[in-house]
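Below: one structure, written as structure tokens.
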Amino acid sequence: MPRGRVLTLAVLVSAVFAAHANARFDALGSPGLGDPLFPLAGNGGYDVGHYALQLAYEPRTKVLDGSATITATARQNLARFDLDLRGFRIGSLKVDGRPAAFGRNGQELQITPAIPLKSGRQFVVNVSYSGVPSAVTDPDGSIEGWVATNDGAFVVGEPQGSPSWFPSNDNPRDKASYDISVTVPAGLTAVSNGTLVGQSTRNGRTTFAWRESFPMASYLATATLGRFVVTKGRVAGIPSYVAVDPSQVAGSAAALAQFPEIVRFLSSIYGPYPFDTVGAIIDNAPEVGYALESQTKPNFDSAPDVTTLAHEISHQWVGDSVTLTTWPDIWLHEGFATYSEWLWADHTGQFTPQAAFDYYYSLPDSNPLWSPPPGAPGDAANLFGDPVYFRGAMTLQVLRNTVGDAAFFRILRRWATQYRYGNVTTAQFIALAQQESHMDLGAMFHRWLYEPGKPAV
Ligand code: TRP
Ligand code: ZN
């Protein structure tokens, strides 16, 4: 093609771009995704497809050296975009192999690539960083993120702990696949999500290479490390990897013995297990005070009872595979996982979900169980409060009593299969329940999810 024609085409193309408001090359990716509770978590303007993290941790000095290679796609023209990262000294930062300018502002790592990124283009960010990670203190006072332990670290990220150990688009809407490799002093074990694809020791250090190829929200990533007794095998036909702190082995045995039956039972409720590995990480980190459903390997701060184990395994379907879009919908995780506990209790002959409902319903109006309502926790400090868990589960029992068992279990299974690996809203759950039951459930859901105070039955 003659030179003149190419030039004409280039002029035409840039004129078309300029005409489109969003297509300016000076466009900035937003510093957050506007979550009502965590407005700065995540970043606008791009989607991450894959994180490749290479980490090395020295428990003696507590220094974490990291290199993150992030493959993403621009969703608008980007002169600048953000990642979420808390602390650390940045060694080098490149976009598509070229050094990029960067600034820091709170948890925002602001990156200006040498060449602006065009909408639709895939790009690769490489960040090398080093420092002593700090745990994140949540609005409810609990700690998360990279929590140092006597022999390593307990690593949990809900709702905002991941930026304490790797640069990310820390929002549950941007799921990605992960390769996480962790190098630790020989004798320690580093456990992450998915499959162990490599383990090698040299010069007194062992590298564990993990791969999670299923879509995963950043808050579900883990890299818990320390002294562990590891059991590899199969659970309900699925490859499993269970790591238990030596001090917790005896206390965990009874619950772990139920692991296969829990997976089989929950598969009968929600459909096939959504990932290709199962497991658990049982550490000794009692200062954390809770367990977390890290994808394929829930983290426990101490030996769990069987109810807690069932709760976290159920989250693999409701929470990890089917994930909220914004944090105020957290009852879609915790209400369902609590209801799963009640189903397990029924399955094992302990009590029925109706008995659990009746017990909680007997609590007086003044009990903190009733407010704020589970569908509108209102403040980030209430995310993991009693209403979200118990009144959330009670809402499902009211649904069951309203639509009958057949429709109810169809709804649960359809929810977990239709929205597998996706992000959901409460409105989508209500719509699905109405569609499966052919009933108008709007008033019932409104009363149970959104009105403060004890609902009338
Ligand atoms: N999601 C966890 C569960 O399975 C609980 C949890 C995560 C939590 N982060 C928290 C509880 C912070 C209290 C504070 O129930
Ligand atoms: Zn839970």
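Read the numbers this way: they start at 1 and go in the same order the structure lists the ligands and their atoms.
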(message) With the threshold set at under 4.0 angstrom, would you say H315 reaches ligand 1 through any of its heavy atoms?
(response) yes

Between [X] (side chain) and [Y] (backbone), is there a donor-acceptor pair under 3.5 Å?
X	Y	value
R104	G87	yes
K454	Y361	yes
N193	Q295	yes
R413	S268	yes

Within ligand 1, which atoms have a heavy atom of [X] less than 4.0 Å away?
X	result
A291	2 (C), 3 (C), 4 (O), 5 (C)
H311	3 (C), 4 (O), 15 (O)
E312	3 (C), 4 (O)
E293	1 (N), 2 (C), 3 (C), 4 (O)
D140	13 (C), 14 (C)
L292	1 (N), 7 (C)

(request) Pick whichever of S142, P298, G161, A381 has a heavy atom sitting closest to atom 14 (C) of ligand 1. (result)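 Result: the heavy atom closest to atom 14 (C) of ligand 1 is in S142.
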
(request) From the options F300, Y389, F384, select the one whose nearest heavy atom is closest to atom 13 (C) of ligand 1. (result) F384

Specify side chain, backbone, both or neither for [X], according to which of its non-hydrogen atoms lie closer than 4.0 Å to ligand 1.
X	answer
E144	neither
A337	neither
V156	neither

(message) Check this for me, if you would: do R205 and E58 make a salt bridge, where the nitrogen-to-carboxylate-oxygen distance has to be below 4.0 angstrom?
(response)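 Looking at R205 and E58, the cut-off is met.
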
(message) Taking the basic N atoms (NZ, or NE/NH1/NH2) and the acidic carboxylate oxygens, is any pair closer than 4.0 Å for D245 and R227?
(response)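 Not counted as a salt bridge, because no side-chain N and carboxylate O are separated by less than 4.0 Å.
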
(message) Taking side-chain hydrogen bond (donor to acceptor under 3.5 Å, both in side chains) as the criterion, tell me which of N171, D170, D138 meets it with Q160.
(response) D138

(request) Taking both backbone and side-chain atoms into account, decide whether E312 has an N/O/S atom under 2.8 Å from the Zn ion (ligand 2). (result) no

(request) Confirm or rule out an N/O/S atom of H333, from backbone or side chain, lying less than 2.8 Å from the Zn ion (ligand 2). (result) no

(message) Name the residue from F357, W342, Y360 that meets the ring pair (Phe, Tyr, Trp, His ring centres under 6.0 Å) definition with F390.
(response)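 Testing each of F357, W342, Y360 against F390, the sole residue satisfying ring pair (Phe, Tyr, Trp, His ring centres under 6.0 Å) is Y360.
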
(request) Could you grab the distance from atom CG of L109 to atom CG of L83, nearest 0.5 Å is fine? (result) 5.5 Å

(message) For N/O/S atoms only: which one belongs to H315 and is nearest the Zn ion (ligand 2)?
(response) NE2

(request) Please find the N/O/S atom of E334 nearest to the Zn ion (ligand 2) and write down its name. (result) OE1

(request) Describe, in one word, how the ring planes of H446 and Y450 are oriented to each other, choosing from parallel (under 30°), tilted (30 to 60°) and perpendicular (over 60°). (result)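 The rings of H446 and Y450 sit tilted, inter-plane angle from 30° to 60°.
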
(message) E158 versus ligand 1: do any nitrogen or oxygen atoms come within less than 3.5 Å of each other?
(response) yes

(message) Just by distance, no angles: are the side chains of R400 and Y339 close enough, under 3.5 Å, to form a donor-acceptor pair?
(response)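 Present: a donor and an acceptor within the cut-off.
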
